[in-house]
Amino acid sequence: MRKHLLAAMAVAALTACSTPGTEPAGGGNADEVTYLTSFSTFGRDAYAYVAQEKGYFKEANLDVTINPGTATVDVLKLVASGRADFGVGDFTATAITVAKEKLPVTTVAMIHQKSLAAIVSLTDKGIKTPADLVGKRIGDQPGSTNQLMFPVYAKQAGIDHTKVEFVPSQPPALPQLLAAGQVDGIGQFVVGVPLIEKAAQGRKASALPYGDVLPDLYGNALVTKKDLPTKNPQLVERFRGALLKGLAYSIEHPEESGQILKKYQPTQDAAAAAAEVALMLPYVRPTDGPVGRSDEFRVAKTIQLLVEAGAIPENSVTSKDLVATP
């Protein structure tokens, strides 16, 4: 799929000289781009700041402003409305949202080859299997990736999702709510375990990764407005390439990435961020092909799974609706 996209970009580039924002790297004024992280600012999003610090965006003739996102649905709406040029959101949540709301967005790279979504708890809560979630209270932000995906996860795990209560909670308060015993678990990414253990003052945390039950689901994906890959393919490829270069560097240098994140976001803990980045490595590296690759078969399988789980109506979305193709 990526080869097809690059081929289309090469053809389009021949006629793009008069289009604003299509100058190659190093030519003319830098293009201003606004980018949204997936969810606030944590170690899992350090790669964008790595791309900034290492000059990868500058090399691509881009002037990038990085802003914190507030969950997939919000990121998609901001990108669809043109208030952000690119953003990162969970691919499954993106598929559900596009199918239901018909937002004009598309994905141009897969940041994670496997879903990072999980229910995280403390080991002394005794939540070891999906069945242990029944009757429990899970803190999470309304409309979050974890909540959108939970019915799909529950069906595959063989539990009734209506017997698990989600408690509306603000993201910054989630670790403290869990540590204080006000909820039994929280919606979180797998890589967030070190941050949870820090908030719990050393108590051990455990995770139920959605990817263990749904191994074909991608994690976060890079999204942009639906028509941008056609209108300005060079801009898309330049930003995509620079961001993925930062991603590839970060997972090979987690400690440095943690320090870079703290430089740009002083309130962040460099060690906790580095631990998150290190945990991301097996989720980012595909078994074959480059970082960021997508597979049309897996995309189609995700759609089929969502239809079978009742998460989206049949024939409501196609692979071409979700991933940029010529």
Side-chain angles (χ1 to χ4, degrees), residues 37-45 68-76 88-97 111-112 114-123 125-157 159-200 203-214 217-221 272 276 279-280 283 306 309 311:
T37 67
S38 59
F39 185 75
S40 192
T41 307
F42 296 103
R44 71 205 67 159
D45 280 301
T70 55
T72 295
V73 174
D74 293 333
V75 169
L76 295 178
V88 171
D90 181 82
F91 182 71
T92 303
T94 297
I96 293 171
T97 305
I111 301 299
H112 304 129
K114 184 178 177 181
S115 176
L116 293 181
I119 301 297
V120 174
S121 184
L122 297 173
T123 54
K125 296 283 187 180
I127 299 177
K128 299 179 180 179
T129 69
D132 297 326
L133 293 171
V134 175
K136 299 298 193 296
R137 289 162 49 87
I138 308 300
D140 205 1
Q141 179 182 2
S144 74
T145 293
N146 294 68
Q147 256 185 283
L148 284 174
M149 291 174 58
F150 188 74
V152 181
Y153 169 80
K155 182 172 182 178
Q156 288 295 111
I159 62 174
D160 184 349
H161 73 91
T162 65
K163 294 183 178 179
V164 180
E165 179 186 358
F166 275 82
V167 180
S169 311
Q170 291 303 308
L174 290 174
Q176 288 72 29
L177 289 174
L178 179 61
Q182 296 182 42
V183 293
D184 302 298
I186 59 175
Q188 183 60 269
F189 278 173
V190 175
V191 295
V193 167
L195 187 66
I196 303 305
E197 291 181 340
K198 181 183 177 183
R203 292 162 66 192
K204 292 297 182 181
S206 59
L208 293 177
Y210 286 18
D212 287 354
V213 175
L214 302 162
L217 297 188
Y218 287 106
N220 281 347
E276 283 199 21
L279 289 172
M280 271 177 50
Y283 290 86
L306 294 177

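Here, residue 1 is the first one in the sequence, and each next residue gets the next number.
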How many angstroms lie between [atom1] in [X] and [atom2] in [Y], if you round to the nearest 0.5 Å?
X	Y	atom1	atom2	answer
Asp132	Ile119	CG	CD1	12.5 Å
His161	Leu133	NE2	CG	13.5 Å
Gln147	Ile138	CD	CD1	10.0 Å
Phe39	Asn146	CZ	CG	8.5 Å
Ile127	Leu122	CD1	CG	9.0 Å

(request) Verify side-chain contact (heavy atoms from CB on, under 4.5 Å) between Leu279 and Val190, making sure each step is shown before the conclusion. (result) CA-CA 8 Å; Leu279 289 172; Val190 175; 5.8 Å; no
So which heavy atom on [X] is nearest to which on [Y], and how close?
X	Y	result
Pro130	Ile159	O-CD1, 3.5 Å
Gly139	Ser169	CA-OG, 3.8 Å
His112	Tyr218	O-CD2, 3.6 Å
Ile96	Leu148	CD1-O, 3.8 Å
Thr94	Thr72	OG1-CG2, 3.8 Å
Pro172	Pro175	O-CD, 3.7 Å

Are [X] and [Y] close enough that some pair of their side-chain heavy atoms sits under 4.5 Å apart?
X	Y	result
Met280	Arg44	yes
Val75	Val88	no
Tyr153	Thr92	no
Leu177	Val167	no
Gln141	Ile186	no
Leu174	Asp140	yes

(message) Under a 3.5 Å cutoff, is there a donor and acceptor pairing between the side chains of Asp45 and Ser38?
(response)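 Result is yes, a qualifying pair exists.
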Is there a donor-acceptor pair under 3.5 Å between the side chain of [X] and the backbone N or O of [Y]?
X	Y	answer
Ser121	Ser206	no
Glu165	Arg137	no
Glu197	Ala205	yes
Asp90	Asn220	no
Thr162	Asp160	no
Arg203	Ala179	yes
Ser115	Leu217	no

(message) In terms of relative ring orientation, are Tyr210 and Phe150 parallel, tilted or perpendicular, with 30° and 60° separating the classes?
(response)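 The rings of Tyr210 and Phe150 sit tilted, inter-plane angle from 30° to 60°.
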(request) List the steps and the verdict of side-chain contact (heavy atoms from CB on, under 4.5 Å) for Lys114 and Asp212. (result) CA-CA 9 Å; Lys114 184 178 177 181; Asp212 287 354; 3.9 Å; yes
